[in-house]
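Okay, so here's the structure we're looking at.
For clarity, every value in this text was computed on a predicted model and none was experimentally measured.
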Amino acid sequence: KIRLMRAIVYDRYGPPDVLTIEEVEKPAPKETELLVRVHAATVNRLDCHTREANRSNGMLVSFLSRLVSGVRGPRRPVLGTEFAGEVETIGVAVTEFAVGDRVFGNTGLRFGTHAEFAAVPQTALVEHMPVSASYAEAAAVSDGALNALWCLHGRVRPGQKVLVYGASGSIGTAGVQLARHFGADVTAVCSTNNVELVRSLGADRVIDYTQEDFTTNGETYDFIFDAVGKQSFRRCKGSLRPGGAYLATDGFRNLLLGVSTRFVGNKRVVFQIPPRYLREDLRLLKNLMDAGQYRAVIDRVYPMEQVVEAARYVETQQKVGNVVLSISPPTS
């Protein structure tokens, strides 16, 4: 007998309206997988870009996106990468998790978390939840923080000066907190409405970009972390110290600059492709949250039935932190 579950699916690329809720086959965990009842997930920019085949980023990027996710249509009809929930069942070879464990993590390009259940390999980016975190908070941790760690970890040292541009978004709020954790002096750039939030995350100083242009104030930094992809190396170069780096989170041009600036000049672009996310990074985030040194910033929580509205809001690029989907709320 086929067991069914509710899931948010899309069968063609396009705007948020292509998302619908349907009953699909419930996954059966393989011997090394755990089946997670998903209580909370997020809608993030990877979901949105994948759903529209990256059309907003130009024909070349859209073509490359389709090569990954499906040329004619999506190979994986259920989006969603971040999740938090409870282990429902485990495969016979699973040793690190047990039925009933509260877990969180990220499925990456496997997607599949916009559904009541998701099968996750025990060796993937999955970890026991922080003790004090809610499902919504745990779901809202991994994407932004793993992207920030990918850029900052192993590079930022105590006493260095780091500027985080786009400090109120998912990656930016993570970047501010993690740069502080690594001992940096942090300057954060955001809009007027988010100045106090960003300051509460540990920024040493906050620049309101509607009032001041950080590239013209004479300050220089060891790293400029562009968490939203709205700056450029050319514009930021004058604000970097000799030996400094512009840390990019997207943009095809930055892939090329990441190669060329290794050999020309004393300032460089760092854009590592493909990104390398480690389970140890997820464990670090869990430990920081347990120690009260990191918190997930949540803008809005939508029920599963309002996924179209949630996706539209994410695409405004005005969200603060993360947008969470309540998939299958716990009964107690």
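In this model, no donor atom of one side chain and acceptor atom of the other lie less than 3.5 Å apart for Asn44 and Ser170. Checked by atom type, the side-chain pair Tyr13/Ser69 shows a donor-acceptor distance below 3.5 Å.
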For side-chain contact (heavy atoms from CB on, under 4.5 Å), just list the numbers for Leu109 and Phe111, CA-CA rounded to whole Å, side-chain angles, deciding distance to a tenth of an Å, and then say yes or no.
CA-CA 5 Å; Leu109 293 177; Phe111 293 105; 4.1 Å; yes
How far apart are the C-alpha atoms of Thr187 and Phe214, what are their side-chain angles, what is the distance that settles it, and do they pass the side-chain contact (heavy atoms from CB on, under 4.5 Å) test?
CA-CA 10 Å; Thr187 297; Phe214 78 89; over 6 Å; no
Report the C-alpha distance between Arg268 and Leu240 in whole Å, list the side-chain angles of each, state the deciding distance to 0.1 Å, and finish with yes or no for side-chain contact (heavy atoms from CB on, under 4.5 Å).
CA-CA 9 Å; Arg268 66 194 191 283; Leu240 285 171; over 6 Å; no
Could you walk me through whether Lys286 and Phe104 pass the side-chain contact (heavy atoms from CB on, under 4.5 Å) check?
CA-CA 9 Å; Lys286 173 188 181 300; Phe104 78 119; 4.1 Å; yes
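Scanning all heavy atoms of the two residues, the minimum distance from Asp185 to Arg205 falls at OD1-NH1, 2.6 Å. Across every non-hydrogen atom of Arg279 and Ala124, the tightest pair is CD-O, 3.5 Å. The two residues Cys236 and Tyr246 have their closest heavy-atom pair at SG-CE1, 4.0 Å. A pairwise comparison of heavy atoms in Val43 and Val314 identifies O-CG2, 3.5 Å as the closest pair.
When side chains are defined from C-beta on, Val198 does not count as touching Val164, because their heavy atoms never get closer than 4.5 Å. The shortest distance between side-chain heavy atoms of Val186 and Gln177 does not fall below 4.5 Å. Looking only at side-chain heavy atoms (C-beta outward), Arg155 and Leu247 come within less than 4.5 Å of each other. Under the 4.5 Å side-chain criterion, counting only non-hydrogen atoms from C-beta, Lys267 is in contact with Phe233.
Between the side chain of Thr113 and the main chain of Glu82, a donor-acceptor pair closer than 3.5 Å is present. Proximity of a side-chain donor or acceptor of Asn322 to a complementary backbone N or O of Val297 within less than 3.5 Å is detected. Gln122 places a side-chain N or O within 3.5 Å of a backbone atom of Glu96 that can act as its donor or acceptor partner. For Asp101 (side chain) and Ala98 (main-chain N/O), a donor-acceptor pair under 3.5 Å exists by modelled atom type. Listed for the His128 side chain is no donor-acceptor partner under 3.5 Å among the backbone atoms of Val103. A donor-acceptor contact shorter than 3.5 Å links the side chain of Arg75 to the backbone of Val68. A side-chain donor-acceptor contact under 3.5 Å links Thr173 to the backbone of Gly169. Without hydrogens or angle criteria, Asp226 side chain to Gln231 main chain gives a donor-acceptor distance under 3.5 Å. Judged purely by atom type and a 3.5 angstrom limit, His114 uses its side chain to pair as donor or acceptor with the backbone of Thr42. In this structure, the side chain of Gln306 does not engage the main chain of Pro303 through any donor-acceptor pair within 3.5 Å.
Linking Ile, Leu, Val, Met, Phe, Trp and Tyr whenever their side-chain heavy atoms come within less than 4.5 Å puts Leu282 and Tyr277 in one cluster. Both Leu178 and Val206 sit in one connected hydrophobic cluster of ILVMFWY residues. Membership requires side-chain heavy atoms under 4.5 Å apart, directly or through other members. Under a hydrophobic-cluster definition in which Ile, Leu, Val, Met, Phe, Trp and Tyr are linked whenever side-chain heavy atoms come within less than 4.5 Å, directly or via other members, Leu152 and Trp150 are assigned to the same cluster. When hydrophobic clusters are built by joining Ile, Leu, Val, Met, Phe, Trp and Tyr residues whose side-chain heavy atoms come closer than 4.5 Å, directly or via intermediates, Leu146 is not grouped with Val120. Put simply, Leu255 and Leu67 are part of the same group of oily side chains (I, L, V, M, F, W, Y) that touch within less than 4.5 Å, one to the next.
Separating the CD1 atom in Ile171 from the CZ atom in Arg45 is a distance of 3.5 Å, to the nearest 0.5 Å. The line from CZ of Arg276 to CG of Asp281 is 9.0 Å long, rounded to the nearest 0.5 Å. Atoms OG1 and CG, from Thr81 and Asn106 in turn, are 4.5 Å apart once rounded to the nearest 0.5 Å. Here the straight-line distance linking atom CG of Leu35 with atom CD of Glu88 works out to 6.0 Å at 0.5 Å rounding. With rounding to the nearest 0.5 angstrom, the CG atom of Asp290 is 10.0 Å from the CE atom of Met129. Rounding to the nearest 0.5 Å places CD of Glu52 at 7.5 Å from OG of Ser62.
The one candidate from Arg180, Arg199, Lys161 that meets the salt bridge (Lys or Arg N to Asp or Glu O under 4.0 Å) condition with Asp204 is Arg180. Under the side-chain contact (heavy atoms from CB on, under 4.5 Å) rule, Leu325 has a single partner from Ile8, Val301, Asp47, which is Ile8.
Relative to the six-membered ring of Tyr313, Arg300 meets both conditions, a distance below 6.0 Å and an angle of at most 45° to the axis.
Taking the six-membered ring for Trp and thresholds of 30 and 60 degrees, Tyr165 and Tyr209 have ring planes inclined between 30 and 60 degrees apart.
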Could you pull out all donor-acceptor pairs under 3.5 Å where a side-chain atom in residues 18-31 meets a protein atom, sequence neighbours excluded?
residue	atom	partner	partner atom	Å
Thr20	OG1	Glu22	OE2	3.2

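Ion pair Glu86/Arg37 not flagged as a salt bridge, since none of the NZ, NE, NH1 or NH2 atoms sits closer than 4.0 Å to an Asp/Glu carboxylate oxygen.
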